[in-house]
Amino acid sequence: MTTAIIIVAVVVVAAIAAFLLLRGRTAGGRGLRSRFGPEYDRVVARHGGDTKAAELELDDRVKRHGHLEQRPLTEEARARYAARWASAQELFVESPERSLAEADTLLADLSRERGFPAGDDFDERTDALSVHHAAHVQGYRRVHSAGSGHANTEEMREALMDARGLFEALLADGGSQREHGNGHLVKGHGA
């Protein structure tokens, strides 16, 4: 009799543990999907549909970059970047390639000034940006790749328009806000 009770208790505890573990993974996936939006789908696709591998990568990004404090811009810096962006857009008519190169450089400079990783590692910078500006980081990727000369004029125009969302998000004051993948700003920082 006591052996049967012990066996039943062990089975119940194991079932509860399995349920909680499965529920935790699912909730983590929903949380990452909500936080990263289209970036979640992009990473899953890059991992060949392996959601576990994608979620591990995204979770690692949050651990590495989630507590990053975005530094506010001075009004002078804000005006300087706004003028540079306007110039890059105007340059598009004359030279789409140079326009995208300027937009790419401008986004790198602006993100560094706001406190995102410096240096030449584009992937590291976009990983950090994706944690805080997931809804707009794809525009930066599009400008970066379209400027390499493998895009037609319409693709370059769309890339520049798409990148404007990240530019505006980085230009906005609110160093302690982060944006979920759905485009909504949330007070606080970190995960």
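For the single chain, residues carry numbers from 1 onward in sequence order. Computed from a predicted structure; not experimentally measured.
Put simply, the side chain of Thr105 never gets that close to the backbone of Glu102: no donor and acceptor are under 3.5 Å apart. Glu168 places no side-chain N or O within 3.5 Å of a backbone atom of Gly165 that could act as its donor or acceptor partner. Judged by distance alone, with hydrogens and angles left aside, the side-chain atoms of Ser99 form no donor-acceptor pair with the main-chain N or O of Ser95 at under 3.5 Å. For the pair Ser34 (side chain) and Gly31 (backbone), a donor-acceptor distance under 3.5 Å is absent. Looking at Arg78, its side chain does come within 3.5 Å of a backbone N or O of Leu73 through a donor-acceptor pair.
The CD atom of Glu97 sits 9.5 Å away from atom CG of Leu91, with the distance rounded to the nearest 0.5 Å. For the atom pair OH of Tyr140 and OG of Ser145, the computed distance is 12.0 Å after rounding to the nearest 0.5 Å. Rounding to the nearest 0.5 Å gives a distance of 8.5 Å between OG of Ser130 and CD of Glu57. Once rounded to the nearest 0.5 Å, the distance linking CG of Leu160 with CD of Glu155 reads 14.0 Å. One finds the OG1 atom of Thr51 at 11.0 Å from the CG atom of Leu58 (value rounded to the nearest 0.5 Å).
Nearest heavy-atom pair across Gly66 and His132 is O-CE1, 3.6 Å. Gly139 approaches Ala163 most closely through the heavy-atom pair O-CB, 3.6 Å. Arg112 approaches Pro117 most closely through the heavy-atom pair CG-O, 3.8 Å. Taking both residues in full, the closest heavy atoms of Leu100 and Ala146 are given as CD2-CB, 3.4 Å, listed atom of the first, atom of the second, then distance. Across Pro96 and Thr153, no two heavy atoms sit closer than the pair CG-CG2, 4.3 Å.
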Pair Arg35-Tyr40, side chain to side chain donor-acceptor pair (under 3.5 Å): steps then yes or no: CA-CA 8 Å; Arg35 179 182 190 139; Tyr40 179 93; over 6 Å; no

Could you go through the side-chain contact (heavy atoms from CB on, under 4.5 Å) check for His133 and Gln70 one step at a time? CA-CA 11 Å; His133 300 288; Gln70 292 185 60; 3.2 Å; yes

Before giving the answer on side-chain contact (heavy atoms from CB on, under 4.5 Å), spell out for Val43 and Arg61 the whole-Å C-alpha distance, their side-chain angles and the decisive distance to 0.1 Å. CA-CA 12 Å; Val43 175; Arg61 287 186 197 182; 3.6 Å; yes

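Judged purely by distance below 3.5 Å, without hydrogens or angles, the side chains of His65 and Glu124 pair a donor atom with an acceptor atom. If you check the side chains of His47 and Glu55, you find no donor sitting under 3.5 Å from an acceptor.
At a threshold of 4.5 Å between non-hydrogen side-chain atoms, the residues Phe116 and Leu170 count as touching. Between His144 and Arg141 the shortest side-chain heavy-atom distance does not fall below 4.5 Å. Between His136 and Leu129, every side-chain heavy-atom pair lies at or beyond the 4.5 Å cut-off. The shortest side-chain heavy-atom distance between Asp50 and Val44 does not fall under the 4.5 Å cut-off. With contacts defined as side-chain heavy-atom distances shorter than 4.5 Å, the pair Phe36/Val137 does not qualify. Residues Arg114 and Leu171 are not in side-chain contact: their nearest non-hydrogen atoms beyond the backbone lie 4.5 Å or more apart. Between Arg64 and Val62 there is no side-chain heavy-atom pair separated by less than 4.5 Å. Contact of the Phe92 side chain with the Arg98 side chain is not registered, since no non-hydrogen atoms from C-beta on lie closer than 4.5 Å.
Under the 6.0 Å cut-off for aromatic ring centres, Tyr81 and Phe167 do not qualify, their centroids lying 6.0 Å or more apart.
Within a 6.0 Å sphere centred on CD of Glu76, other residues, nucleotides and ligands contribute 12 heavy atoms or fewer. A 6.0 Å sphere centred on CG of Asn152 holds more than 12 heavy atoms belonging to other residues, nucleotides or ligands.
Under 4.0 Å is where a charged nitrogen must lie from a carboxylate oxygen, and between Arg71 and Glu113 no such pair does. With respect to the salt-bridge test (charged N to carboxylate O, under 4.0 angstrom), the residues Asp60 and Lys63 do not qualify. Note on Glu39 versus Arg33: no salt bridge recorded, every NZ/NE/NH1/NH2 to OD/OE distance being 4.0 Å or above.
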